[in-house]
Amino acid sequence: MDTLVVFDFDCTIIDCDSDPWVVDQLGGTELMNSLRAYLPWNDMMDTMMAALTAQGKTIQDIEESLRSIPLQPEKINAIKTAHASGCELRIVSDANTFFIRTILEKYGLTKCFKEIHSNPAYIDEQKALRILPFHPKSDPPHGCPLCPPNMCKGWIIDNIRASFPTDAKPKRIIYLGDGCGDYCPSTRLGIRDYVLPREGFPLMTLISENVKQVKA
């Protein structure tokens, strides 16, 4: 099938923001609120994970908190149906690869997705989860005024589209998202594509206020 379905993750596949969920479950909300005052979100989450490890929290504790995030059966069925019908499925998210993969594994959805485009995460020598920016700090800035420094989702969509075989029928992209970070990739879609903003969330407002900027 010539259809690519791209999902945001937080508040799109799951119904919450995974970062605050984990921090709250592990008792770090007060520290998180103080760090947010002076750190970019991605740096703040990396610092939070190291701090929680120093307080005695383990990778298993993080995994348990992630596995407690509910996922509606209707969404599980929709993802599995889209995959079974031949659609290519990807995730483009400003969460991180560890959080996303842990939740997908819990609900048996890992094999449905061809690729996860998110902030890379790894476990360091101190057994702490470290979270890196998708767009490395060592690289020149991506230059997009709509996106945070660590990730431009529009850049990701452009690169996915550029990877399509040139000798085949172009794939239609269906993009599902909810937040401000999903507006930039929505503006990169063409007239054959579709964007499905979550009702009542910032993406829908941004699109309705900038209709001419979105061709999908």
Side-chain angles (χ1 to χ4, degrees), residues 5-29 31-33 35-36 39-73 75-76 78-80 83 89-137 147-153 156 175-182 185 198 201 203:
V5 186
V6 179
F7 296 82
D8 174 44
F9 191 73
D10 290 344
C11 295
T12 297
I13 290 182
I14 60 174
D15 277 337
C16 67
D17 285 320
S18 56
D19 290 347
W21 176 285
V22 169
V23 172
D24 184 60
Q25 292 281 311
L26 300 183
T29 301
L31 175 59
M32 180 181 187
N33 289 337
L35 292 174
R36 287 177 65 181
L39 285 178
W41 188 274
N42 188 253
D43 292 342
M44 180 272 295
M45 279 304 298
D46 180 53
T47 302
M48 274 303 312
M49 293 299 102
L52 288 171
T53 300
Q55 295 172 10
K57 303 301 182 183
T58 66
I59 294 298
Q60 289 71 32
D61 292 330
I62 296 172
E63 290 174 330
E64 285 301 315
S65 66
L66 289 164
R67 294 187 186 114
S68 71
I69 294 176
L71 182 54
Q72 296 170 333
K75 290 185 179 181
I76 296 172
I79 290 169
K80 289 183 175 180
H83 178 256
L89 274 55
R90 298 184 185 231
I91 291 173
V92 176
S93 167
D94 200 12
N96 68 77
T97 54
F98 184 90
F99 282 18
I100 294 170
R101 287 182 177 133
T102 300
I103 295 169
L104 292 181
E105 288 171 5
K106 160 70 186 298
Y107 291 101
L109 296 174
T110 305
K111 293 182 179 179
C112 292
F113 293 92
K114 180 175 181 178
E115 193 165 353
I116 298 170
H117 307 265
S118 189
N119 298 300
Y122 70 98
I123 301 170
D124 70 9
E125 314 82 56
Q126 284 74 43
K127 304 299 181 182
L129 181 66
R130 305 309 303 269
I131 301 170
L132 302 177
F134 179 86
H135 189 87
K137 293 181 179 180
C147 296
N150 66 293
M151 173 179 286
C152 173
K153 290 187 176 183
I156 295 172
Y175 189 95
L176 296 87
D178 69 284
C180 296
D182 298 308
R198 186 170 181 177
F201 281 71
L203 177 59

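With sequence neighbours excluded, the residues that form a side chain to side chain donor-acceptor pair (under 3.5 Å) with T12 are D8, D178. Residues forming a side chain to side chain donor-acceptor pair (under 3.5 Å) with N33 (at least two apart in sequence, or on another chain): none. T47 meets the side chain to side chain donor-acceptor pair (under 3.5 Å) test with no other residue; sequence neighbours excluded. Residues satisfying the side chain to side chain contact (heavy atoms under 4.5 Å, CB included) test with P136, not counting sequence neighbours, are S138, D139. K75 meets the salt bridge (Lys or Arg N to Asp or Glu O under 4.0 Å) test with D15; sequence neighbours excluded. By the ring-ring contact (aromatic ring centres under 6.0 Å, His included) test, F134 pairs with no residue at all, sequence neighbours left out. Under the salt bridge (Lys or Arg N to Asp or Glu O under 4.0 Å) criterion, D10 pairs with no residue at all, not counting sequence neighbours. Partners of E63 by side chain to side chain contact (heavy atoms under 4.5 Å, CB included), not counting sequence neighbours, listed by chain and number: I59, Q60, R67, F98, T102.
Across all non-hydrogen atoms, the minimal contact from I69 to I103 is CD1-CD1, 3.8 Å. Of all non-hydrogen atoms in S68 and Q25, the two that sit nearest each other are OG-OE1, 4.0 Å. Nearest heavy-atom pair, C112 versus I79, reported as atom, atom and distance to 0.1 Å: CB-CG2, 3.9 Å. Closest approach of R198 and I14 over heavy atoms only: NH1-O, 4.4 Å. Counting all heavy atoms, side chain and backbone alike, S65 lies closest to I62 at OG-O, 2.7 Å. Here the closest heavy-atom approach between residue C16 and residue W21 is recorded as SG-CE3, 3.8 Å.
Here the side chains of L104 and I91 are in contact, with some heavy-atom distance below 4.5 Å. V6 is not listed as a side-chain neighbour of L176, based on a closest heavy-atom distance of 4.5 Å or more. Under the 4.5 Å side-chain criterion, counting only non-hydrogen atoms from C-beta, M49 is in contact with I131. A heavy-atom distance below 4.5 Å is found between the side chains of M44 and R36. Looking only at side-chain heavy atoms (C-beta outward), M32 and P20 come within less than 4.5 Å of each other. S93 has its side chain within reach of I100: a pair of non-hydrogen atoms, C-beta onward, lies under 4.5 Å apart. Side-chain contact between L129 and F99: present, with at least one pair of heavy atoms (C-beta onward) separated by less than 4.5 Å. At least one side-chain heavy atom of L31 sits less than 4.5 Å from a side-chain heavy atom of Q55.
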Could you walk me through whether F7 and Y175 pass the ring-ring contact (aromatic ring centres under 6.0 Å, His included) check? CA-CA 6 Å; F7 296 82; Y175 189 95; 9.2 Å; no
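Listed by first and then second residue, the side chain to side chain donor-acceptor pair (under 3.5 Å) pairs that reach into residues 107-121 are R90-E115, R90-H117, D94-N119, N119-N150, sequence neighbours excluded. Listed by first and then second residue, the salt bridge (charged side-chain N to carboxylate O under 4.0 Å, His left out) pairs that reach into residues 41-55 are D43-K137, D46-R130, sequence neighbours excluded.
Put simply, CG on L35 and CH2 on W41 are 10.5 Å apart, with the number rounded to the nearest 0.5 Å. To the nearest 0.5 Å, atoms CG (L66) and NZ (K106) are separated by 10.5 Å. Rounded to the nearest 0.5 Å, atoms CG (N96) and CG (N42) are 8.5 Å apart. Expressed to the nearest 0.5 Å, how far OG1 of T29 lies from CE of M48 amounts to 7.5 Å.
Between the D17 side chain and the D19 main chain, no donor and acceptor come within less than 3.5 Å of each other.
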